[in-house]
Every structure is written in structure tokens, then in C-alpha cells.
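It should be emphasised that the depicted structure is a prediction, and the values quoted were computed from it without experimental measurement.
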2 protein chains.
Amino acid sequence: MTIRRLSVYTRCLLQLEEDGVKTVSSQELAERFNLNSAQVRKDLAYFGEFGVRGIGYYVSGLKAELQKILGLHREWPVALVGFGNLGSALFHYKGFARQGFRISAIFDDDPAKCNREVNGVPVLPARELGREVKARGIQIGIVAVPAESAQAVTDQLAAAGIKAILNFAPVRIRAPRDIRLKDVDLSIELETLSFYLAKSAR
Amino acid sequence: MTIRRLSVYTRCLLQLEEDGVKTVSSQELAERFNLNSAQVRKDLAYFGEFGVRGIGYYVSGLKAELQKILGLHREWPVALVGFGNLGSALFHYKGFARQGFRISAIFDDDPAKCNREVNGVPVLPARELGREVKARGIQIGIVAVPAESAQAVTDQLAAAGIKAILNFAPVRIRAPRDIRLKDVDLSIELETLSFYLAKSAR
DNA sequence: ATGTGCTAGTGTTCGTGTTCACATGGCGCC
DNA sequence: GGCGCCATGTGAACACGAACACTAGCACAT
Ligand SMILES: NC(=O)c1ccc[n+]([C@@H]2O[C@H](COP(=O)([O-])OP(=O)(O)OC[C@H]3O[C@@H](n4cnc5c(N)ncnc54)[C@H](O)[C@@H]3O)[C@@H](O)[C@H]2O)c1
Ligand SMILES: NC(=O)c1ccc[n+]([C@@H]2O[C@H](COP(=O)([O-])OP(=O)(O)OC[C@H]3O[C@@H](n4cnc5c(N)ncnc54)[C@H](O)[C@@H]3O)[C@@H](O)[C@H]2O)c1
């Protein structure tokens, strides 16, 4: 199943709830994301029978169910490794906190950047990563260091017992099989765009 | 066909070329990304017969072919809209330029940020977007403004004749059909991770 | 209490993308 | 110059996810 869509539905439901909408049909949800309504129903029915026939889905009930499925009913402490351009943009982004992701420790090898606090969050040298991650029970790590350091950082995170990694470095990194790994590669996104431009120019 | 893989191959070939490797087999490429070797061959054969039977692929030849397919043999001027946290991280990122993407105009509505130059690139108020994009022949736009402004910015980019948009705002934006649209939603990436964590904790 | 209308749930079809397995065809060695 | 090697290219099998179309069940009106 494609989990990404559940996230999209959840965000939409948050909006609908704010707008005071009580129920929503699979049809309406589908139109918002130009999907097929059967798709939406299959996605939702996979995890349980959340809907009411003849009515649709109760917005707040469905929202709560989806949040529980996605693990958004709790707070997730997150470790951010690399406090450069991208790292600090991510840190200052408010959207993560809204979904329960709290960057609760930052690690960077640059002595000029570490051993201080930013908005109450400690910036620490990478050598303290293991201890700090364990002490805080952090399960999610974000890798925002240069490509050449990404594997080393991943190894440190793995050793510290982290369970999931979001990697921004443009390299394929290796992690133990039980660690969930997700790559975000912005160059690739741009390249798919230029591919289509180059093609239609042909 | 999944274009993303072509980008991955290309980056790998760049590395191989630097390392002085002359030829590479589909098998070797596949192992690097744990893919199937038939997959690699299908991907490449789709665009032409680039390989030599019994030998594999000539690294520099294949690299050049893929770059041409992806449109990386030329420079793409890019318009960046929104010069906040994320926008400036993207602007200062060196990786895009390496693939030929050059941010050549920045637009932001905040008067404190615009009407100046950063590293020789003008930061302009959004109202000048149309003129500037046309004048510079920009075909790719990056949307890094808050969600509530994203649709308005998209409309401006569309009116200016842009052909492709990379959107970082966490909303589904609408654009004319002939504009290639790509969304990057980092919250969703984190949520897929927390989904798996929540699931295995169950 | 019964009927009608509406929308969720679901078995099946459909299409795309992946994997398998083999035949094809350059290259170099004899 | 012919022969064997080895990796490509590709048709066929397969798997997965998406779309269709039908069935089931709840709510509300009568
Ligand atoms: N900036 C962007 O917009 C952008 C876009 C796409 C991808 N990326 C990728 O994200 C990563 C970070 O990019 P950036 O622009 O923030 O780079 P940056 O150079 O600004 O920041 C990297 C930070 O990592 C720290 N660091 C280096 N090695 C470390 C280690 N072993 N342990 C801990 N910290 C270490 C450095 O001190 C620095 O502060 C890179 O891999 C880059 O390719 C960035
Ligand atoms: N910062 C991150 O790490 C991050 C991560 C994921 C998603 N995003 C998304 O990226 C977008 C930008 O995030 P940010 O953190 O950079 O926000 P930000 O508030 O730091 O920056 C937004 C910038 O856009 C400008 N702006 C607003 N409306 C505009 C308009 N109509 N025309 C031109 N410029 C306009 C503002 O002046 C500001 O400079 C948001 O949609 C956010 O949800 C950011």
C-alpha cells in the first residue's frame, strides 16, 4: 500500500475539520487530489471500516484513525545531524512540529557551531551522538551532512540504536536491514523535470 | 519508465569516470543500487543500444548519452520564489549547479529581502516575476513560499510561461496541464517513517 | 415499519512496471 | 579467419497497484 496517500488524506482532514466540515465522501476526497474514489476507499478500508455507508467518513473520527496509523498521535523526538544550510532550514521549519516531530538534538562536527543551544535545543559534537540519542530515546535521525560524511554518520546513528533515517545526502547509504531508510534527493527531482523539458523540446 | 533511476545511474557514472573506470556491466550497476540487472538493461536499452555485448557499457559514452536524455548537457536557468529558510538553503546549495541548474533570479515579497543581489543573483519583488522570467527565458521554477501563497505564485509562474515547477509547499497546487509539476513534501517522508515505527511497535 | 437513496466495501479486470531466461552479437584468442 | 566467451537486448511470465462495476448496509423520509 502506498502510505504517502494516507499522509495526504490526513492533512486534508485537518483542513476540513478546521473548516467545520463534519463528514466527507470518498468521492470528495478523491477530487481534491485527482485520484479515483475507489482508490481512496481501498486505502482506508485496508486498515478497518472507518466509513458509514450512505454518509461517508466522519472527518474527526477518520483523522484520529489515520493519525494513529501513521504514528502521529504521539511525539517523535528526532536527531538532526548536520547543521549547515539545509540542516538549519529544517530545524527552523514549523511544519514538522505540527505533525509531532520534534528535533530534540542537533549534531555537527564544526566546533564553531556546537556546544551551544538554539531555541533550547543543544547543538553537540558528533562524538556525543551515541550517548545523547540513547539518553533521549530518539528513534528517528535526519542526515543533512555532505555526501562524503553521510555513511559515517549513518553508522553512528545505527550504532546508537536509531530505527529510521531520512537522508538528504545525494549518495546511496547502507544501513542495517532493520533500519528504515528514506532518501530525499532534490537534484533527482529537478532532473526529472529537465528530462521532460528536454524531451518536448526535441 | 522510471526516470529517477536514470539520474541515479548518471551520478554513479560520474563517480566511476572520476575513479578511472572505463567500462561497467549492468550487473555491477545493479549491485550498487540493489536493483535487478535486467532492470538496468531495460532502462538503458529503452533509449538506444548503448552497450557492447560481452563488454558492458563504456562509462564516459553512457554518461554522455544519459546526460543528453536528462537534459543535463545544457544549463537550465531556474527561478526561485521564496527566499526564506528553505529558499536560501536551496540557493546556497552547490549540487544543483553541478547538474547544470543555475538559479538566476530570486523572487520574494518581503521588501527587506529584495531589491538587492546575492552572489550576483538579483532578489526581486514578486511583481517583477513575469517580466524577468520572460526576459531570461527561464523554464523551471522552484516554489518555496508558505502554503497559503503557493497557488498564487504558481499562477504567476504559469502566466510567465514557465514549463516546470518544483513545489515545496505542503499543498496540492493546480497548474495548467502543459506545466510539469513535481511536489516535494518532507513531512510526508517523515510520516512514512513514523508509520513503520508505529507499526513495528504494535 | 418499510422503502428509497446514497455511499462504503470488495471481487474482478486492467495496465504498467519488474523479473526471468534465452538468444543475439561484438571481441579477442587461437 | 574461425570459434568460444560473455554481457547485452528482448520476448514472455509475473506481480503489483490502480480502475471498474457490482453488492451491501446505514440513514432518513414516508
Ligand atoms: N542545501 C540544500 O538545499 C541541499 C539540497 C539538496 C541536498 N542537500 C544535501 O544535504 C547535505 C547538507 O547540505 P548543506 O547545504 O546543508 O551543506 P553544508 O555544508 O551547509 O552543511 C553541512 C554540515 O554538516 C556538518 N558536518 C560535516 N561532517 C559532519 C559529520 N561527520 N558529523 C556531523 N556534522 C558534520 C558540517 O559542519 C556542516 O555544518 C549535503 O549532503 C547536500 O548534498 C542540500
Ligand atoms: N524550511 C524547511 O525546511 C521546509 C521543509 C519542508 C517544507 N517547507 C515548505 O517550504 C516553504 C517555505 O518554507 P520556509 O521555511 O522557507 O518559510 P519562510 O517563511 O522562511 O520563507 C518563505 C518566504 O516566502 C516569501 N513569500 C511569502 N509569500 C510570497 C509571495 N506571494 N511571493 C513571493 N515570496 C513570498 C516570504 O517573504 C519568505 O521570505 C513552506 O511552504 C514550507 O511549508 C519548508
Quick tally for nucleotides 22-30 of chain D: nucleotides whose base has a protein heavy atom under 4.0 Å get B, sugar-phosphate-only ones S, the rest -, giving --BBBS---
note: Lys42(B), atom NZ; dA15(D), atom P; distance rounded to Å ~ 16 Å
Worksheet item: Would a distance-only check, ignoring hydrogens and angles, find a side-chain to backbone donor-acceptor pair under 3.5 Å from Thr23(B) to Tyr58(B)?
Response: no
Task: cation_pi(Arg180(A), Tyr196(B)) dist<6.0 Å, angle<=45 - done: yes
From CG of Asp43(A) across to P of dG17(D) the rounded distance in Å is 11 Å
Using only heavy-atom distances, determine whether the side chains of Glu28(A) and Ser25(A) contain a donor-acceptor pair under 3.5 Å. yes
So, with a heavy-atom separation below 4.0 Å from DNA chain D, the residues of residues 12-36 of chain A are Asn36(A)
Ranking dC20(D), dT18(C), dT8(D) by distance to the side chain of Thr2(B), first place goes to dT18(C)
Within the distance-only criterion (no hydrogens, no angle test), does the side chain of Ser88(A) pair as donor or acceptor with the backbone N or O of Gly84(A) below 3.5 angstrom? yes
Whole-Å distance, Phe47(B) CZ to dT8(D) C1', equals 17 Å
Rounded to whole Å, CG of Leu62(B) lies from P of dT8(D) at a distance of 11 Å
| Quick check: does any side chain N or O of Asp185(A) sit under 3.5 Å from a backbone N or O of Ser187(A), one acting as donor and the other as acceptor? | yes
dT18(C), OP1 or OP2 - any side-chain N/O from Arg5(B) closer than 4.0 Å? yes
Check: residues 95-107 of chain B side-chain donor-acceptor pairs under 3.5 Å, at least two apart:
unit_1    : atom_1 : unit_2   : atom_2 : d
Arg102(B) : NE     : Glu75(B) : OE1    : 2.9
Arg102(B) : NE     : Glu75(B) : OE2    : 3.3
Arg102(B) : NH2    : Glu75(B) : OE2    : 2.9

In terms of heavy-atom contacts, Ile138(B) and Ile162(B) come closest through O-CG1, 3.6 Å
Self-check item: Exercise: do Tyr9(B) and Asp43(B) side chains pair donor with acceptor under 3.5 Å
Solution: yes
Residues Thr154(A) and Arg174(A): closest non-hydrogen pair is CG2-O, 3.6 Å
In whole angstroms, the gap separating C1' of dG11(D) from CD of Gln39(B) amounts to 16 Å
When rounded to whole Å, the OH to P distance for the pair Tyr46(B) and dG11(D) reads 14 Å
